[in-house]
Engineer: 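Shown below is the structure under consideration.
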There are 2 protein chains.
Amino acid sequence: MVRGVRKARLADVAARAGVSRTTASYILNGRSAEMRISADAVDRVRSAVVDLGYRPNRTARSLRTARTGTVGLVSDSVASGHFASRMLTGASAAARESDLLLLVGETDGDPLVERLLVDQMLDQGVDGIVYATLRHREVSVPLALAQSRAVLLNCVDPASGLPAVVPDEVGGGRSAADLVARCAGPVVVVGDEAEQGSYAGAMRLAGLEERLGELGRTIADVVRCDWTVPAARDAVSCWWTPAARDGALVCLNDRVAMGAYQALAAHGAVVPDDVAVVSFDGSDLAGWLTPTLTSVALPFVALGARAVEVLLAPPGSHAPVTRLAMPVVRGGSVPAAAAVTPGSAG
Amino acid sequence: MVRGVRKARLADVAARAGVSRTTASYILNGRSAEMRISADAVDRVRSAVVDLGYRPNRTARSLRTARTGTVGLVSDSVASGHFASRMLTGASAAARESDLLLLVGETDGDPLVERLLVDQMLDQGVDGIVYATLRHREVSVPLALAQSRAVLLNCVDPASGLPAVVPDEVGGGRSAADLVARCAGPVVVVGDEAEQGSYAGAMRLAGLEERLGELGRTIADVVRCDWTVPAARDAVSCWWTPAARDGALVCLNDRVAMGAYQALAAHGAVVPDDVAVVSFDGSDLAGWLTPTLTSVALPFVALGARAVEVLLAPPGSHAPVTRLAMPVVRGGSVPAAAAVTPGSAG
DNA sequence: TTGGGCTGCTGATTCGATTCAGCAATGCAC
DNA sequence: GTGCATTGCTGAATCGAATCAGCAGCCCAA
């Protein structure tokens, strides 16, 4: 434990103010009215606190109160993800909001490390644990977690009964549909919807199809490929046909869109004049491309913040699964004329 | 504090094993030999631990020992950075290695939040604090930090006397020089070396110039622009001249290189046949470009890990500033023939 | 037979707060 | 002047472990 100089204790404050430790404690915990402490005593204690630079020892307080003012965040690799780390940012900010500190640990997907980490956090006495995953998927949490106060972030575990906070991928798919519903040519999906055992692909596709149907349109084709730049480039390049002109590519994430851009450029097709491109994730990459990419964003910061809020709320005060909207980040890759007002009948 | 069932205490273990709390404590702390505890007593205590599922209360232990088994990481925005969050990964892993947990907090550059966060962590009783910045730069840490056990990560504070762990930007610049030293045309730098008040640009440029000089070459030109894709695209596009053929662009970071790629493509110049491109950072982006980018990488994971190691080492056992090498991540943007063996006389 | 040393343990205190139960002093009603 | 509330505080226990100082019991040597 770091110590600058010898720290003042509550007893020192009490002595200097000429009151008992009990009285000083009541005053510092805002219970002076309830305990009918005189204004004079309150003043003396407060100035003693200032004079001595007193700061309460949180460890001692924790021992007594069984609360530590910390929450844990266990993730498979949240911090490493080039955008998923924003969940951490949101969680950290929400924790600060409630004067809590955030204990983080990465498991790298190793179940053993995961158990150790959860146990260690519980031993430390965290007031709750957020269990986060890089990809939106189904998980099976360690027993110790299921038995404690915890919230799932970007994943669900039907067996555990723990509350979860996830992006509304289906709604995101519907937003993508709205963006391209009026384009003249075919709507084509790029990316394998079963990528990486994640929910994202299938749900985005489902939302897209659902909303296109409502608007009287269909998905003309699905160009399957891994969610990487080179795979998408090659796949789109092979698939490309002049018949696709005036249509739209709905890319299942931004890297896929980057690959699609490269392929389209190689074929001399101009975005957005010849083809509209929409994608998902809303990563920084979307802003680096030319033209900038219109992307349905994963609200990572909000997800992280909400997870902590749900964790701190009284158990049962939230729906089992909280779905956060995926906002559209507008770029220059979709002509305005192709879009429909969200929610309209088309 | 999360509680599944009522937890067993040391007293329960001692009672079940038929020994005193003292004896049980010595055994669990590995002092049974020193304290001449009989093998029989040791066995009884160990099985009592298993039977009761005993886990020591870290809070109580901390109160007594004045050590908490946690280290803090305060950053301006480490987690949000799309690659700087890797520092967190490294720090987290190093902390786990020593059975410590990592408390993280982001300040968003707000000095008030910074002070509050540092104080809160010190109140929590962290065993040390890592103070990290997104950009390599000079900082002035809060007084409370300077007086406690702390290490600077990716920044330096000459006034505080705290040890620092930073990337070896000058060495990185030298590596870049080695990569392009033998190209036939001019070596041109892209990016403003004074970008964002960071040390990175100036030091990279200095290393580049120094090593090029040793090899009998010079920097032909510096194309100044912000470190962003569009700024670099425009700047390179304006600057481009056929005289630059067979030369090399040294981009001060990967986003600048991406902009340069776009400009070169627009002018019909092919990488690496017409122009070699080298950059810095080693971000994921380097792998997404075509051809893949050769980049001198910031060793973020190693930086984070080393910072924690320095923090835990006895004070004074490390140099005031630890510089970690920037490894070259090879891509396809530099012809092999352009390179020189590092360290050779040219 | 007594003094010293070794073995194998334990009682009591401590860390620094929170909090229950209670107590002296005063005021007020009757 | 007795009884009862109210005011304004305090003593002591408590949280769960770590650890210092010490204490029986036994053996062996002088």
Side-chain angles (χ1 to χ4, degrees), chain A residues 1-3 5-46 48-49 52-69 122-125 127, chain B residues 1-3 5-46 48-49 52-69 122-125 127:
Chain A
M1 202 174 292
V2 172
R3 284 271 161 81
V5 285
R6 174 109 172 87
K7 297 233 291 183
R9 293 156 308 156
L10 183 60
D12 300 324
V13 170
R16 179 172 245 262
V19 298
S20 68
R21 298 206 308 283
T22 306
T23 302
S25 174
Y26 284 142
I27 291 170
L28 296 183
N29 288 300
R31 299 180 61 186
S32 50
E34 174 193 347
M35 288 297 152
R36 300 171 305 232
I37 313 275
S38 66
D40 187 54
V42 171
D43 285 348
R44 281 179 353 248
V45 168
R46 292 217 189 286
V49 165
L52 299 174
Y54 170 73
R55 313 226 83 213
N57 179 320
R58 309 271 287 181
T59 305
R61 179 197 305 237
S62 296
L63 181 57
R64 194 67 234 275
T65 60
R67 326 173 73 278
T68 55
L122 291 173
D123 288 350
Q124 280 286 351
D127 295 335
Chain B
M1 200 175 295
V2 172
R3 283 271 161 81
V5 285
R6 174 111 172 83
K7 298 231 292 183
R9 293 156 307 157
L10 183 60
D12 301 324
V13 170
R16 179 172 243 263
V19 298
S20 69
R21 299 206 308 283
T22 305
T23 302
S25 174
Y26 282 141
I27 291 171
L28 297 183
N29 287 300
R31 300 179 61 185
S32 51
E34 173 192 348
M35 287 297 150
R36 298 171 308 234
I37 313 276
S38 65
D40 187 53
V42 171
D43 285 348
R44 284 185 343 255
V45 168
R46 291 217 189 287
V49 164
L52 299 175
Y54 171 74
R55 314 224 81 212
N57 179 320
R58 309 271 287 182
T59 304
R61 182 197 304 241
S62 295
L63 181 58
R64 193 69 233 276
T65 60
R67 324 174 78 276
T68 55
L122 291 174
D123 289 350
Q124 280 287 350
D127 295 335

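The sequence lines fix the lettering, A, B, ..., with proteins before strands; numbering per chain opens at 1. Hydrogens, waters and symmetry mates are skipped; everything else that's a heavy atom, side chains included, is used.
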Engineer: Using a distance-only criterion (donor-acceptor N/O pair, under 3.5 Å, no hydrogens), is the base of D:dT14 paired with the side chain of A:R64?
Structural biologist: yes
Engineer: Taking atom P of D:dA17 as reference, at what distance in whole Å does atom CG of A:L63 sit?
Structural biologist: 9 Å
Engineer: Is it true that A:R16 and A:D12 have a side-chain N and a carboxylate O under 4.0 angstrom from each other?
Structural biologist: no
Engineer: Just by modelled atom types, is the B:V19 backbone N or O under 3.5 Å from a matching donor or acceptor in the B:T23 side chain?
Structural biologist: no
Engineer: On DNA chain D, does the nearest nucleotide to B:A60 precede the nearest nucleotide to B:R31 from the 5' side, or the other way round? Give the residue.
Structural biologist: B:A60
Engineer: Would you kindly give the CG-to-C1' distance between B:L28 and D:dT19, to the nearest whole Å?
Structural biologist: 14 Å
Engineer: Between B:R58 and A:D123, is the closest basic N to carboxylate O distance under 4.0 Å?
Structural biologist: no
Engineer: Give the rounded distance in Å between these two atoms: CD1 of A:I27 and C1' of D:dG8.
Structural biologist: 11 Å
Engineer: Provide, to the nearest angstrom, the distance between the CG atom belonging to A:N29 and the P atom belonging to C:dT19.
Structural biologist: 7 Å
Engineer: Output the rounded distance in Å from CZ (B:R67) to C1' (D:dA17).
Structural biologist: 15 Å
Engineer: Got a salt bridge between A:R46 and A:D43, using NZ or NE/NH1/NH2 to carboxylate O under 4.0 Å?
Structural biologist: no
Engineer: At under 4.0 Å between heavy atoms, how does the protein contact nucleotides 3-11 of chain C? Give one character per nucleotide, 5' to 3', with B, S or -.
Structural biologist: ----BBBBB
Engineer: Any salt bridge (Lys or Arg N to Asp or Glu O under 4.0 Å) involving residues 19-30 of chain B? Give me the pairs, sequence neighbours left out, ordered by first then second residue.
Structural biologist: none
Engineer: Distance check needed: D:dT14 P versus B:R9 CZ, whole Å only.
Structural biologist: 11 Å
Engineer: According to a strict under-4.0 Å criterion, is B:N57 in side-chain N/O contact with OP1 or OP2 of D:dC15?
Structural biologist: no
Engineer: By nearest atom, which of the nucleotides D:dA18, D:dG16, C:dT18 is closest to the A:R61 side chain?
Structural biologist: C:dT18
Engineer: Check the distance between D:dC9's C1' and A:D40's CG and give it to me in whole angstrom.
Structural biologist: 13 Å
Engineer: Could you pull out all residues at least two apart from B:N29 that satisfy side chain to side chain donor-acceptor pair (under 3.5 Å)?
Structural biologist: B:S25
Engineer: Can you find a side chain N or O atom of A:S25 that sits less than 4.0 Å from OP1 or OP2 on C:dT18?
Structural biologist: yes
Engineer: May I have the distance from B:K7 (atom NZ) to D:dA17 (atom C1'), rounded to whole angstrom?
Structural biologist: 13 Å
Engineer: Measuring only between side-chain heavy atoms, which start at C-beta, is A:L10 closer than 4.5 Å to A:N57?
Structural biologist: no
